[in-house]
Amino acid sequence: QVQLVESGGGLVQAGGSLRLSCVASGIIFSTKALRWYRQAPGTQRELVATITSGGSTNYADPVKGRFTISRDNAKNTVYLQMNSLKPEDTAVYYCNVFLLLTQRDYWGRGTQVTVSS
């Protein structure tokens, strides 16, 4: 079955950096677009970044120029490099893949990122 496992979250001061990782299994990784979402308490889950199978990327406006999504197909892993972190980046970050075959979204359990001011 499809599994997504995030790691790399933690507590960091404003202005600091973190790199999140998401290891995927149960899919043909290299052929899939992968996404990072985040959800802060009391808010809806929001899309942060997308990387296509061809390596094209797209970012939400609040993170443009600070976050970088990348992938390593040999390791079935997608990354989110987060620089110049702000307190408003505090959230649980989730890895996501949508499969056309099942018409379903798949999610990891998330990793907590907390940015202190």
Side-chain angles (χ1 to χ4, degrees):
Q1 72 272 25
V2 179
Q3 280 195 318
L4 301 171
V5 181
E6 302 98 335
S7 62
L11 173 63
V12 64
Q13 288 189 333
S17 298
L18 285 173
R19 188 176 83 154
L20 307 183
S21 300
C22 171
V23 180
S25 60
I27 61 173
I28 305 174
F29 184 85
S30 62
T31 66
K32 302 297 184 286
L34 281 298
R35 297 171 182 83
W36 284 99
Y37 283 76
R38 67 185 181 185
Q39 187 169 20
T43 69
Q44 290 195 338
R45 197 169 294 189
E46 63 174 354
L47 179 62
V48 174
T50 302
I51 186 165
T52 68
S53 58
S56 297
T57 59
N58 196 31
Y59 299 93
D61 285 344
V63 308
K64 279 182 181 176
R66 299 188 298 121
F67 289 12
T68 303
I69 188 171
S70 61
R71 63 191 298 156
D72 185 338
N73 290 337
K75 296 182 178 180
N76 280 14
T77 302
V78 59
Y79 302 99
L80 187 68
Q81 177 67 43
M82 306 185 296
N83 298 328
S84 303
L85 282 161
K86 304 176 181 180
E88 51 263 44
D89 295 317
T90 295
V92 179
Y93 284 71
Y94 298 91
C95 184
N96 165 271
V97 65
F98 176 80
L99 297 188
L100 289 172
L101 184 65
T102 60
Q103 292 290 296
R104 276 190 54 189
D105 278 299
Y106 294 85
W107 302 91
R109 292 187 176 184
T111 185
Q112 175 71 48
V113 172
T114 303
V115 184
S116 63
S117 56

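- Contact check for Arg38 versus Val63: side-chain heavy atoms found under the 4.5 Å cut-off.
- Rounding to the nearest 0.5 Å places CG of Leu100 at 8.0 Å from NZ of Lys32.
- Counting non-hydrogen atoms of neighbouring residues, nucleotides and ligands closer than 6.0 angstrom, the CD1 atom of Ile28 reaches no more than 12 such neighbours.
- A cation-pi arrangement, defined by a distance under 6.0 Å to the six-membered ring centre and an angle within 45 degrees of its axis, is absent between Arg35 and Phe98.
- Leu80 and Val5 fall into different hydrophobic clusters, defined by Ile, Leu, Val, Met, Phe, Trp and Tyr side-chain heavy atoms under 4.5 Å apart, directly or through other members.
- In this structure, Thr111 and Ser7 approach most closely via the heavy-atom pair OG1-C, 4.1 Å.
- Side-chain atoms of Arg71 do not come within 3.5 Å of backbone N or O of Ala33 as any donor-acceptor pair.
- Note on Val92 and Leu18: separate hydrophobic clusters, where clusters join Ile, Leu, Val, Met, Phe, Trp and Tyr whose side-chain heavy atoms are under 4.5 Å apart, directly or indirectly.
- Between Glu6 and Arg109 no salt bridge is recorded (no basic side-chain N to carboxylate O distance below 4.0 Å).
- Contact between Ser84 and Asp89 at its shortest, heavy atoms only, is O-OD2, 4.4 Å.
- Neither Phe67 nor Tyr79 shares a network with the other; the hydrophobic side chains, linked directly or stepwise wherever heavy atoms of I, L, V, M, F, W or Y lie under 4.5 Å apart, form separate groups for each.
- Annotation for Ser117 and Ala14: closest pair CA-CB, 4.4 Å, computed over non-hydrogen atoms.
- Closest of all the heavy-atom pairs between Asp72 and Phe29 is O-CE2, 4.0 Å.
- From Gln112, atom CD reaches atom OG1 of Thr90 across 7.5 Å, with rounding to the nearest 0.5 Å.
- To the nearest 0.5 Å, atoms CG (Leu4) and OG (Ser25) are separated by 7.5 Å.
- Expressed to the nearest 0.5 Å, how far CG of Asn58 lies from CD1 of Ile51 amounts to 11.0 Å.
- Nearest heavy atom pair, residue Thr102 against residue Tyr106, reads OG1-OH, 3.1 Å.
- Below 30°, between 30° and 60°, or above 60°: for Tyr37 and Trp107 the angle between ring planes is above 60°, a perpendicular geometry.
- Note: Ile27 CD1 to Leu101 CG = 12.0 Å, rounded to the nearest 0.5 Å.
- In terms of heavy-atom proximity, Val78 sits nearest to Cys95 at CG1-SG, 3.8 Å.
- The distance from atom OG1 of Thr68 to atom CZ of Arg66, rounded to the nearest 0.5 Å, is 11.0 Å.
- Both Tyr59 and Leu85 belong to a single network of hydrophobic side chains, linked directly or stepwise wherever heavy atoms of I, L, V, M, F, W or Y lie under 4.5 Å apart.
- A heavy-atom distance below 4.5 Å is not found between the side chains of Cys22 and Tyr93.
- A salt bridge links Lys64 to Asp61: at least one charged side-chain nitrogen sits closer than 4.0 Å to a carboxylate oxygen.
- Put simply, Tyr94 and Val115 are part of two different groups of oily side chains (I, L, V, M, F, W, Y) that touch within less than 4.5 Å, one to the next.
- Within 6.0 Å of atom CD in Gln103, more than 12 heavy atoms from other residues, nucleotides or ligands are found, so the atom counts as buried in its surroundings.
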